[in-house]
There are 2 protein chains.
Amino acid sequence: MLELKHLRTIVAITEYGSLVLAAEKLFLTQSALSHQLKEIESRLGVSLFIRKSRPVRLTAAGERLLETARSVLPIMTSTERDMQRFAGGEAGRLHIAIECHSCFDWLMPAINQYRNHWKDVEVDLSTAFNFVPLPALQKGRLDVVITSEPKPLNGIHYEPLFRFEILLAVANTHPLTQLERVPATALRNETLITYPVDQERLDIFTQFLRPADVEPLAIRTAELTLMMVQLVASGRGVCALPNWALAPYLQGGHISALSLGETGLFSTLYLAVREEQLDTPYVREFINIAKETCFQNLEGINVVATLH
Amino acid sequence: MLELKHLRTIVAITEYGSLVLAAEKLFLTQSALSHQLKEIESRLGVSLFIRKSRPVRLTAAGERLLETARSVLPIMTSTERDMQRFAGGEAGRLHIAIECHSCFDWLMPAINQYRNHWKDVEVDLSTAFNFVPLPALQKGRLDVVITSEPKPLNGIHYEPLFRFEILLAVANTHPLTQLERVPATALRNETLITYPVDQERLDIFTQFLRPADVEPLAIRTAELTLMMVQLVASGRGVCALPNWALAPYLQGGHISALSLGETGLFSTLYLAVREEQLDTPYVREFINIAKETCFQNLEGINVVATLH
DNA sequence: GTAAAAGAATGAATTATATTCATATTCACG
DNA sequence: CGTGAATATGAATATAATTCATTCTTTTAC
């Protein structure tokens, strides 16, 4: 009914004192303003200006409307400015999900660094253990997914981050440390410690044990990398972890890291985003920072399997 | 550019979760909403809703716009409600001017009583000594004028309030108290005390002295009725005042009131308003209260000239 | 007080904008 | 993968806004 156009008209008329001037400033004709004014006055059933005098004067109702205009129009101006920031890709939302537990280690520093420079981007990190993240990404519930399975999907772009080796962590005292390479069959007699997620999501199963049709002796789970390492060190099982996740714990000397299979078990981590977002500055920048951070964090790490 | 219509659309869609439902509530077709949404999204250069999911979800830009809508729309609602009050004549403005000094005496109580019942009417009283009030009334700078000269003017309605006699106040000891009626010529030897306004505005000049071509001995002015009366009582002059303005001072016994000329000098006070406002409730009601107050205030007053 | 100038109002014609209708496309769910 | 429900799209239509040409009103200056 009442529209912002009308408020802008009211303001212009009071500001310039005449329909002629106001019309000019609004890039309209005097006639247009006259018609418009008549229209709202008759719709509201009140008169807003007294035109019998020059400069035209506001009626009481006009004053009230002007007051509203003065409080509403600035809000709209700032809203439109924000819209431009969204449009320009300077502001936005980045809902990130990780499929891989250990990714916290390098992602957190990346996010912190990113936040410093993109204050207008709302960053949100969630673990995708209870839902499948890629469809959510497609549908816009998520904006970034960190995954090691780049399943080709409509409208999804995968940006490779880095390649890493999945190593088997065992206690230093464990007999397996005697082997050069650990065959799948060796795990028949071991308790395997994993994160508490579906086996589908764990490379050790999908890429190593299942192809060899091997089931470990037992499986137990732990939430945190640190807990796994402690269990391994005390000889209560073995676990498979990325080399970079394992690195800090190898210093202590209680555990060793062994290559899996003949060639080692390698995997690549990808950052998945919607194709349409690929050229958005704030998304592009996140990808760059993620990559940089990976290199920085992984540079010092040169963990290869313990060789004898 | 961005309009309230769009904000209302955003709110409806988020509230009902689908274009179909929202369209229904807005009395539009789903197609209309789809077009409208597409239009503003392309104008702003941002997408506001993710339609790939159901219910449709807001993007970050959409959230921002919704926030604005939630702060702006209530303001508009309350503004429109106020407009209805103005339209219904429940709210408005009453800029009153009096041409006659003494009118304060009965007008003030009237205004006070009026204010109690019409809280949404902004009442303002000014003395019209430095400007001509009737043209200002015509042009809407004033809304009510109290005058004793009902000059016929386009669009102006005069409501008669009451008829009164202008009496000559003299000291009890004054020789004029011996006369039954005071002729104009009698003032040739008197100092006349008036309000400090143009003689054009004083009935004693226009209706009495000038027709008889008489000039008083001297003229001096006083701001307030009380001051005039005190000057008169101390024998420093005489003054012409309405009977009701003089009434309270006759009790004291220091002054007397005499009729002017053969028939007495009478005048009628009118309340002038713009014709278009005559049917507006808040104006109508002011007229009523003004009339009532006059009667109440003048009822007890039965001042006639002192007769011997 | 009147004429000229400037501003505001008006009505019809035009243009722009919004809405609908009919239909195609997409998405969610079994 | 098909089905039902939702959204998108394009052309046609309806509605609303704007302009043009003109008249009416107010102000100003002589």
Side-chain angles (χ1 to χ4, degrees), chain A residues 1-10 12-43 47-59 62 131-132 134-141 153-155 274 276, chain B residues 1-10 12-14 16-43 47-59 62 132 134-141 153-155 274 276:
Chain A
M1 165 113 198
L2 204 50
E3 281 297 343
L4 292 177
K5 178 177 59 169
H6 302 131
L7 299 188
R8 295 190 239 265
T9 300
I10 306 281
I13 295 178
T14 39
E15 224 142 66
Y16 296 106
S18 87
L19 299 212
V20 172
L21 277 180
E24 197 176 309
K25 300 293 171 180
L26 293 171
F27 305 104
L28 286 172
T29 60
Q30 172 271 325
S31 178
L33 246 51
S34 178
H35 280 297
Q36 189 184 110
L37 208 50
K38 190 183 172 187
E39 159 73 12
I40 47 175
E41 285 185 328
S42 85
R43 268 212 298 237
S47 105
L48 298 172
F49 288 97
I50 296 163
R51 322 310 204 284
K52 287 190 185 177
S53 78
R54 275 201 275 277
V56 291
R57 297 167 43 79
L58 286 165
T59 62
F131 67 97
V132 229
L134 289 172
L137 177 63
Q138 271 188 310
K139 292 180 187 168
R141 279 224 306 282
L153 276 173
N154 225 317
R274 259 166 283 130
E276 78 219 37
Chain B
M1 163 113 196
L2 203 51
E3 281 298 345
L4 291 178
K5 178 178 58 172
H6 302 131
L7 299 188
R8 296 190 238 265
T9 300
I10 306 281
I13 295 178
T14 40
Y16 295 107
S18 87
L19 299 212
V20 172
L21 276 181
E24 198 174 309
K25 299 293 170 180
L26 293 169
F27 304 105
L28 287 172
T29 60
Q30 170 271 326
S31 178
L33 283 199
S34 179
H35 282 294
Q36 188 183 110
L37 207 51
K38 190 185 172 183
E39 159 72 11
I40 47 174
E41 284 184 329
S42 85
R43 269 211 299 238
S47 105
L48 299 172
F49 288 98
I50 297 164
R51 319 314 200 283
K52 287 188 184 178
S53 79
R54 273 200 276 277
V56 291
R57 297 166 44 80
L58 286 164
T59 62
V132 233
L134 289 172
L137 177 63
Q138 270 188 311
K139 291 181 186 169
R141 280 223 306 282
L153 276 173
N154 225 318
R274 260 165 283 129
E276 78 219 40

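Only a predicted model underlies this, so the values are computations on that prediction, with no experimental measurement involved. Just so we're on the same page: letters track the sequence lines, and every chain starts at 1.
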Novice: In whole Å, I'd like the distance from the CE atom of M1(B) to the P atom of dA16(C).
Specialist: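 So the two atoms are 18 Å apart, to the nearest Å.
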Novice: Just how far, in rounded Å, is C1' of dA6(C) from CG of L21(A)?
Specialist: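 To the nearest whole Å, that distance equals 11 Å.
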Novice: Can you tell me how far C1' of dT9(D) sits from CG of L19(B), to the nearest Å?
Specialist: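 Atom CG in L19(B) sits about 13 Å away from atom C1' in dT9(D).
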Novice: At what distance, to the nearest 0.5 angstrom, does CZ of F49(B) lie from OG1 of T14(B)?
Specialist: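 If we round to the nearest 0.5 Å, F49(B):CZ and T14(B):OG1 are 5.0 Å apart.
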Novice: Would you please name every residue forming a side chain to side chain donor-acceptor pair (under 3.5 Å) with R8(B), sequence neighbours left out?
Specialist: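 None.
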Novice: Round to a whole Å and report the spacing from CD1 of I50(B) to C1' of dA8(D).
Specialist: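 So the two atoms are 17 Å apart, to the nearest Å.
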Novice: Can you list every pair that meets side-chain hydrogen bond (donor to acceptor under 3.5 Å, both in side chains) and has a residue in residues 28-43 of chain B, with sequence neighbours left out?
Specialist: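 Found T9(B)-Q36(B), E39(B)-R43(B), E41(B)-R51(B).
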Novice: Hey, could you give me the CD1/CE distance between I40(B) and M1(B), rounded to the nearest 0.5 Å?
Specialist: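 Reported to 0.5 Å precision, the distance equals 9.5 Å.
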Novice: Using atom CG of L37(B) as one end and atom P of dT9(D) as the other, report the distance to the nearest whole Å.
Specialist: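 One finds 11 Å between P of dT9(D) and CG of L37(B), rounded.
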Novice: Sugar-phosphate means primed atoms, P, OP1 and OP2; the rest is base. With that split, encode nucleotides 17-24 of chain C 5' to 3' as B, S or - using protein heavy atoms under 4.0 Å.
Specialist: -SSBB---
Novice: Using distance only, find each side-chain donor-acceptor pair of residues 17-26 of chain B under 3.5 Å and give its atom names and separation, not counting sequence neighbours.
Specialist:
from   : atom 1 : to     : atom 2 : distance (Å)
S18(B) : OG     : V20(B) : N      : 3.4
S18(B) : OG     : L21(B) : N      : 3.1

Novice: Checking I50(B) now: which residues fulfil side chain to side chain contact (heavy atoms under 4.5 Å, CB included) with it, not counting sequence neighbours?
Specialist: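 Result, side chain to side chain contact (heavy atoms under 4.5 Å, CB included) vs I50(B): K52(B), T59(B).
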Novice: Measure the spacing between CG of L48(A) and CG of L58(A) and express it to the nearest 0.5 Å.
Specialist: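 Interatomic distance, L48(A) CG to L58(A) CG, rounded to 0.5 Å: 8.0 Å.
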Novice: Write down the distance between NZ (K38(A)) and C1' (dA17(D)), rounded to a whole number of angstrom.
Specialist: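 That distance rounds to 15 Å.
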Novice: Measure CD/E24(A) against P/dT18(D) and give the value in whole Å, please.
Specialist: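 Taking CD of E24(A) and P of dT18(D), I get 17 Å after rounding.
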Novice: State plainly whether the residues R274(A) and E276(A) are in salt-bridge range, i.e. N to O under 4.0 Å.
Specialist: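 Counted as a salt bridge, because a side-chain N and a carboxylate O are separated by less than 4.0 Å.
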Novice: Rounding to a whole Å, what distance do you find between R8(A):CZ and dT18(D):C1'?
Specialist: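 Taking atom C1' of dT18(D) as the reference, CZ of R8(A) is at 17 Å.
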Novice: For nucleotides 24-30 of chain D, give me one character per nucleotide, 5' to 3': B if any protein heavy atom sits under 4.0 Å from the base, S if the only such contacts are to the sugar-phosphate, - if neither.
Specialist: --BS---
Novice: Are any side-chain N or O atoms of Q138(A) and backbone N or O atoms of G155(A), one a donor and one an acceptor, separated by less than 3.5 Å?
Specialist: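 Looks like no, no N/O pair under 3.5 Å.
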Novice: At what angle, to 10 degrees, do the two end axes of the helix from dG1(C)-dC30(D) to dG30(C)-dC1(D) meet, given five pairs define each axis?
Specialist: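 Angle reported: 50°, given to the nearest ten degrees.
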Novice: Could you list the residues that satisfy side chain to side chain donor-acceptor pair (under 3.5 Å) with R57(B), not counting sequence neighbours?
Specialist: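 Here no residue qualifies.
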Novice: Taking the side chain as C-beta and beyond, is there a heavy-atom pair between L37(B) and I13(B) under 4.5 Å?
Specialist: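 Yes, close enough: below the 4.5 Å cut-off.
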